[in-house]
Amino acid sequence: MTERQKDRPWLMRTYAGHSTAEASNELYRRNLAKGQTGLSVAFDLPTQTGYDPDHVLARGEVGRVGVPVSHLGDMRRLFQDIPLEQMNTSMTINATAMWLLALYEVVAEEQGADTGKLAGTTQNDIVKEYLSRGTHVFPPGPSLRLTTDMITYTVNNIPKWNPINICSYHLQEAGATPVQEISYAMSTAIAVLDAVFASGQVPEDRKGEVVARISFFVNAGVRFVEEMCKMRAFTQIWDRITHERYGIENPKQRRFRYGVQVNSLGLTEAQPENNVQRIVLEMLAVTLSKDARARAVQLPAWNEALGLPRPWDQQWSLRIQQVLAHESDLLEYEDIFAGSHVIEAKVEALVADCLAEIDRIQEMGGAMAAVESGYLKSQLVSAHAERRARIESGEEKIVGVNCFESTEPNPLTAGGESGESAILTVDPANEERVVRALHDWRDNRDELRAQEALSALKKTAAGTANLFPATLECARAGVTTGEWAWALRDVFGEFRAPTGVSGAPVAVTAEAGTPLAAVREKVARTAAELGGGRLRLLVGKPGLDGHSNGAEQIAVRARDAGFEVVYQGIRLTPEQIVAAAVAEDVHCVGLSILSGSHAALVPDVLARLRRAGAPELPVIVGGIIPSADAAALREAGVAAVFTPKDFGITEIIGRIVDEIRTANKLDPMEVLA
């Protein structure tokens with residue numbers, strides 16, 4: 001028997017970037033030397049949301065969750081000594097995707113590369129930003145135009161580039177069921193393709209080339225069979241939509257092309273060593289099935305629920321992929337699930353349910369209309385609330401969190417109670433250095449050329465021409481990320497997405513004898529003792545962190561417990577939060593921060609409350625907060641700190657009432673759960 005030729009492995013990446021372009025460049029070159037076969041760039045939140053590092057909203061966020069790229073000089077330094085013509089680079093960037101790709105193209109030109117050979121992906125999916133990730137800038141219409149212009153530009157000028165990575169990844173993290181994840185991603189793809197073809201920028205005979213460059217970025221959760229079937233369903237539905245709706249006859253152009261990151265927010269702070277087996281199981285869901293195998297895989301590190309992973313942690317995740325690809329016999333076989341009646345039945349059911357939901361969204365006017373109406377967001381918040389309720393009741397088990405909680409001391413986090421040795425910390429002085437470098441850049445550029453480029457960009461935005469050539473000139477002229485985005489804000493305006501909180505149904509019952517009933521009683525009695533109507537809780541998202549899932553779930557449960565909840569969504573300054581707290585006369589302020597900016601922003605909120613005459617107002621904080629930071633926040637005056645290990649939302653609401661009673665010198669009350 002002739003031995004079958006082994007399949008080529010998928011692209012292996014780690015999602016990386018932090019502090020500065022210089023530090024990230026060093027990390028990339030080290031990872032490539034370890035056998036990584038592609039780059040996946042993590043940008044910091046100011047870069048993602050179109051702010052320069054010296055903007056008030058960037059405070060505490062610079063270089064935290066990714067690399068700051070403020071101008072062409074930063075992009076040059078980021079890829080120094082990395083030949084872009086030979087690289088496959090994924091950039092997780094959405095609202096500012098056109099800007100970052102323009103910087104990338106100019107750097108490639110400067111390296112002497114043939115830009116027609118550049119290969120890689122820009123995420124560039126704004127719909128999921130409105131729904132789950134929160135790095136949107138512009139309203140849906142202008143955002144879709146930016147996406148359309150970028151797709152048509154790349155098809156004509158950078159034909160190997162994937163100009164959009166339609167991203168269901170964050171939808172799952174925001175609570176999406178497999179049906180919602182597939183349906184919302186496919187509805188986004190339909191909206192994008194409809195807009196591209198309606199723009200008149202693509203000849204009829206090149207429609208297949210556009211479809212062939214559409215890629216997807218998905219999440220693989222821990223429910224192995226369901227996740228693997230989800231990928232097979234994705235593949236079938238995409239083939240059907242591209243053939244029936246767009247008339248693409250070439251099966252290669254209809255192929256479902258996707259990359260994957262396995263579920264980061266599903267990783268646990270409690271017993272974090274269990275995350276290793278979770279990561280492996282989730283990777284297998286998108287690699288074992290040849291007919292639905294990922295084209296690129298990036299794995300989180302075991303300690304991401306604790307903080308920023310170190311290079312060694314990222315290496316461990318890379319080695320997991322390499323062992324599977326190079327030591328196992330996986331790549332020697334055809335699809336090992338073909339013909340399974342169990343798999344086929346599950347996939348068939350998923351396909352039917354998804355097509356029905358896609359039709360429902362189309363009847364509403366498509367994905368953009370379903371975003372603006374709040375339908376998609378409210379559905380996600382509801383699904384997430386239902387999942388949280390299953391976890392709290394114990395119906396859905398998470399090992400080490402709500403079952404099998406006893407544990408031996410963990411040698412991986414043996415650097416003391418804080419676990420500081422188990423994560424990478426970003427030097428707080430880094431932000432000042434980045435801001436100083438930005439000012440030097442502005443001082444030394446050709447200011448006239450920069451301003452002329454910005455003027456031309458605004459004129460183009462006010463018209464109908466493709467925005468990419470004007471953006472390229474901005475890149476070459478030394479324009480900054482914030483200047484590019486503000487020029488477009490001036491023309492397009494900004495957008496505050498629906499929160500989905502008000503429309504979310506009750507997910508946890510409050511029948512007599514339940515924990516929620518006890519907390520409701522506690523809320524009502526406390527409100528009566530204070531004599532000011534209902535208890536009022538402000539839920540605030542300071543800074544640029546757009547991960548609003550936790551804040552939304554707290555807001556929904558507090559509402560169901562009888563609180564009047566003030567929740568204004570993401571991206572607020574400490575000044576705005578304090579102003580709202582005073583104006584609404586709230587009894588407690590709850591801050592949610594997952595980006596690491598808590599050390600800068602929370603003390604600012606506390607100081608402003610003191611100056612506003614509300615020093616006794618209790619402030620609680622939730623997020624990915626190392627133990628040492630939590631201790632420092634409590635010392636600064638924070639009443640309570642909650643981290644991912646505190647999964648009981650009803651219990652958290654009860655603790656909030658306790659802090660309100662303490663602040664108002666009321667006697668403690670027991671909650672009978």
Side-chain angles (χ1 to χ4, degrees), residues 94 97-98 101-102 105 114-127 140-168 182-217 234-258 295 351 354-355 358-359 361-371 460-472:
N94 296 283
M98 179 181 285
L101 181 58
E105 181 179 349
D114 177 354
T115 56
K117 294 181 179 178
L118 293 179
T121 304
T122 29
Q123 194 168 97
N124 201 19
D125 173 4
I126 207 65
V127 170
S143 293
L144 191 57
R145 176 185 169 189
L146 282 165
T147 300
T148 297
D149 285 357
M150 197 166 146
I151 290 172
T152 55
Y153 176 84
T154 54
V155 166
N156 290 313
N157 297 278
I158 318 177
K160 294 173 69 176
W161 194 266
N162 302 317
I164 188 169
N165 209 215
I166 291 169
C167 182
S168 69
I182 296 170
S183 303
Y184 298 176
M186 288 295 166
S187 297
T188 299
I190 289 169
V192 168
L193 286 174
D194 283 358
V196 170
F197 296 143
S199 74
Q201 297 184 67
V202 179
E204 184 71 22
D205 61 356
R206 299 192 68 191
K207 288 174 67 175
E209 295 175 47
V210 174
V211 171
R213 298 325 301 171
I214 304 295
S215 62
F216 292 78
F217 187 68
F234 251 132
T235 300
Q236 290 185 23
I237 293 170
W238 182 241
D239 184 78
R240 180 167 171 171
I241 287 172
T242 53
H243 189 245
E244 294 181 1
R245 187 179 183 94
Y246 300 111
I248 308 303
E249 296 296 334
N250 185 340
K252 287 186 177 179
Q253 293 177 328
R254 300 200 307 267
R255 185 179 298 155
F256 183 74
R257 299 158 60 251
Y258 79 98
R295 300 279 286 260
V351 169
C354 290
L355 291 175
I358 291 167
D359 286 345
I361 292 167
Q362 291 308 303
E363 288 169 6
M364 296 176 185
M368 292 301 181
V371 165
T460 305
T464 57
N466 191 299
L467 282 159
F468 207 96
T471 295
L472 272 175

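Rounding to the nearest 0.5 angstrom, the gap separating the CG atom in Leu101 from the CZ atom in Phe468 is 4.0 Å. To the nearest 0.5 angstrom, Thr122 atom OG1 is 8.5 Å from Ile158 atom CD1.
No side-chain heavy atom of Leu144 sits less than 4.5 Å from a side-chain heavy atom of Ile126. Considering only heavy atoms from C-beta on, Asn156 comes within 4.5 Å of Arg206 through its side chain. For the pair Thr235/Tyr258, no side-chain contact is recorded, criterion being any heavy-atom separation below 4.5 Å from C-beta on. Counting heavy atoms from C-beta on, the side chains of Val211 and Trp238 come closer than 4.5 Å.
Proximity of a side-chain donor or acceptor of Asn250 to a complementary backbone N or O of Lys252 within less than 3.5 Å is detected. In this structure, the side chain of Ser199 engages the main chain of Gln201 through a donor-acceptor pair within 3.5 Å. For Asn94 (side chain) and Asp125 (main-chain N/O), a donor-acceptor pair under 3.5 Å exists by modelled atom type. Counting only distance, with no hydrogens or angles, the side chain of Tyr153 and the backbone of Leu467 share no donor-acceptor pair below 3.5 Å. Side-chain atoms of Ser187 do not come within 3.5 Å of backbone N or O of Ile358 as any donor-acceptor pair. A donor-acceptor pair under 3.5 Å is formed between the side chain of Ser215 and the backbone N or O of Ile164. At distances below 3.5 Å, not a single donor-acceptor pair connects side-chain atoms of Arg254 with backbone N or O atoms of His243. A donor-acceptor pair under 3.5 Å is formed between the side chain of Arg213 and the backbone N or O of Lys160.
Enclosure of atom CZ in Arg240 is not indicated, since only 12 or fewer non-hydrogen atoms of other residues, nucleotides or ligands lie within 6.0 angstrom.
The two residues Ala185 and Phe216 come nearest to each other via the heavy atoms O-CE2, 4.3 Å. Shown here for Glu209 and Gln253, the closest heavy-atom pair between the two residues is N-NE2, 3.7 Å.
Legend: salt bridge (Lys or Arg N to Asp or Glu O under 4.0 Å) pairs involving residues 144-156, not counting sequence neighbours, sorted by first then second residue: Arg145-Asp149.
Contacts of Asp359 classified as salt bridge (charged side-chain N to carboxylate O under 4.0 Å, His left out), with partners at least two apart in sequence or in another chain: none. Taking Arg245 as the reference, Asp194 meet the side chain to side chain donor-acceptor pair (under 3.5 Å) condition, with sequence neighbours excluded.
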